[in-house]
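Keep in mind that the numbers below use all heavy atoms, side chains included, and drop hydrogens, waters and symmetry copies. What you see is a predicted model; the values in this text were computed from it and never measured. Below, chains carry the letters A, B, ... as their sequence lines are ordered, and counting in each starts from 1.
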Number of protein chains: 2
Amino acid sequence: MKTLKYSRQREAIMNYLAQTKEHPTADTIYMNIRETYPNISLGTVYRNLNLLVEQGEIIKFSCGDGCDRFDGNADPHYHFVCKRCSKVYDLDMKIDSLNHINLIANAGFDGEVLGHSTIFYGYCPDCKTLS
Amino acid sequence: MKTLKYSRQREAIMNYLAQTKEHPTADTIYMNIRETYPNISLGTVYRNLNLLVEQGEIIKFSCGDGCDRFDGNADPHYHFVCKRCSKVYDLDMKIDSLNHINLIANAGFDGEVLGHSTIFYGYCPDCKTLS
DNA sequence: GTCCTTGCAAATAGTTTGCAAGCCG
DNA sequence: CGGCTTGCAAACTATTTGCAAGGAC
């Protein structure tokens with residue numbers, strides 16, 4: 001984890017991620033940053049996102065749609081994906097409320113279960129009444 | 001879910017998946033089928049895998065390494081990925097033993113949580129003593 | 001001045017698709 | 001035969017990388 005030299009492109013990415021709850025893809029981030037820095041390249045966006053993930057400043061996760069999503073909230077938390085509108089929500093359940101499932105998984109398994117990665121799905125508040 | 005016309009390529013794919021516990025990628029499947037049918041193309045493998053997933057005969061899932069993996073065991077079950085050797089194992093926990101986490105996730109969330117997708121990780125039986 | 005960072009373009013990996021020929025029913 | 005299936009190659013999507021120029025410290 002090396003120290004990073006300042007760059008306004010990286011700062012713009014962090015600022016953008018800090019003020020959105022959309023869990024955007026790299027491409028969405030690129031589109032948005034381009035409104036302020038029209039010359040930024042997609043490669044730079046990817047490079048900085050990966051650096052920020054390495055530093056633990058942001059989180060990268062996949063919600064099953066093939067492309068990675070980024071979250072400016074680096075505190076561990078669970079995500080919810082709407083089956084209808086595909087929007088991703090943060091769940092504010094306590095992060096250790098699912099710790100016990102590692103034990104359940106480890107029962108009858110001869111290895112050592114240390115953690116899990118879970119995504120919840122269903123209908124979001126907006127879509128719940130429609131479907 | 002239309003009825004499929006017989007093809008020996010598809011049968012070879014099903015047979016291969018039925019006798020392995022490796023959770024292979026499309027490419028691994030391709031390599032193996034090619035020993036019997038040297039002319040089979042990767043496109044055919046992908047097309048058939050997707051058809052079989054649609055029919056519910058096999059399962060497709062991602063273990064976070066970017067490429068999809070396939071499982072000839074279509075009964076719902078959880079998977080475990082080893083942090084060291086990256087092998088994927090089936091867990092034989094009862095499938096409904098984690099049903100309750102949907103309720104935990106739904107508490108304090110205004111949408112409707114219907115399910116979840118979970119992968120466990122840690123050290124497998126072989127790697128547990130080494131790391 | 002050194003070395004990290006950028007923009008650009010080309011490369012890569014995994015997967016999908018168009019098309020003419022082949023095979024199942 | 002009609003229409004699903006195949007092999008082949010090209011296309012596509014998401015992401016990474018090489019390189020010379022630019023910027024931070």
Distances under 3.5 Å between nitrogen or oxygen atoms of protein and nucleotides 12-19 of chain D:
residue: dT15(D); atom: OP1; partner: Asp68(A); partner atom: N; Å: 2.9
residue: dT15(D); atom: OP1; partner: Asp68(A); partner atom: OD2; Å: 3.3
residue: dT15(D); atom: OP2; partner: Tyr46(A); partner atom: OH; Å: 2.4
residue: dT15(D); atom: O5'; partner: Tyr46(A); partner atom: OH; Å: 3.3
residue: dT16(D); atom: OP2; partner: Asn50(A); partner atom: ND2; Å: 3.0
residue: dG18(D); atom: O6; partner: Arg47(A); partner atom: NH1; Å: 3.1

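- The ring-ring contact (aromatic ring centres under 6.0 Å, His included) search around Phe61(A) returns His23(A), His79(A), not counting sequence neighbours.
- Taking Ile, Leu, Val, Met, Phe, Trp and Tyr as members and joining any whose side-chain heavy atoms lie under 4.5 Å apart, directly or through other members, Tyr6(A) forms no hydrophobic cluster with any other residue.
- Under the side chain to side chain donor-acceptor pair (under 3.5 Å) criterion, Arg34(B) pairs with Tyr30(B), not counting sequence neighbours.
- Following rounding to the nearest Å, Glu54(B) (CD) and dT16(C) (C1') show an atom-to-atom distance of 13 Å.
- Evaluation of the salt bridge (Lys or Arg N to Asp or Glu O under 4.0 Å) test over residues 5-30 of chain B, restricted to residues two or more places apart or in two chains, returns none.
- Residues satisfying the side chain to side chain donor-acceptor pair (under 3.5 Å) test with Asn102(B), not counting sequence neighbours, are His116(B).
- Put simply, the side chain of Ser97(A) gets close to the backbone of Lys94(A): a donor and an acceptor are under 3.5 Å apart.
- Applying the under-4.5 Å side-chain rule to Ile, Leu, Val, Met, Phe, Trp and Tyr, the cluster around Tyr121(A) consists of that residue alone.
- Rounded to an integer number of Å, the gap from CD1 of Ile33(B) to P of dG7(D) is 11 Å.
- Partners of Phe80(B) by ring-ring contact (aromatic ring centres under 6.0 Å, His included), not counting sequence neighbours, listed by chain and number: Phe109(A).
- Not a single donor-acceptor pair under 3.5 Å links the side chain of Lys128(A) to the backbone N or O of Gly122(A).
- Spacing between atom CG of Asn48(B) and atom C1' of dT15(C) amounts to 15 Å, rounded to whole angstrom units.
- The interatomic distance linking Asn39(B) (CG) with dA9(D) (C1') rounds to 15 Å, in whole Å.
- The distance between atom CG of Leu51(B) and atom P of dG3(D), rounded to the nearest whole Å, is 18 Å.
- The separation between Tyr30(B) atom OH and dA13(C) atom P is 15 Å, rounded to whole Å.
- Applying the side chain to side chain donor-acceptor pair (under 3.5 Å) test to Tyr16(A) and every residue at least two apart in sequence or in another chain returns Asn32(A).
- Axis angle across the helix from dG1(C)-dC25(D) to dG25(C)-dC1(D), with five pairs used at each end and values rounded to 10°: 30°.
- Residue Tyr37(B) contributes atom OH, which lies 16 Å from atom P of dT5(D) at whole-angstrom precision.
- Leu4(A) belongs to a hydrophobic cluster whose remaining members, ordered by chain and number, are Leu51(A); membership requires side-chain heavy atoms of ILVMFWY residues under 4.5 Å apart, directly or through intermediates.
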Name the pairs: protein N/O against N/O of nucleotides 22-25 of chain C, kept only if under 3.5 Å.
residue: dC24(C); atom: O2; partner: Lys5(B); partner atom: NZ; Å: 3.0

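- Here Gln9(A) does not reach the OP1 or OP2 of dG23(D): none of its side-chain N or O atoms lies under 4.0 Å away.
- We find that CD of Glu11(B) is positioned 14 Å from P of dT5(D), with the value rounded to whole Å.
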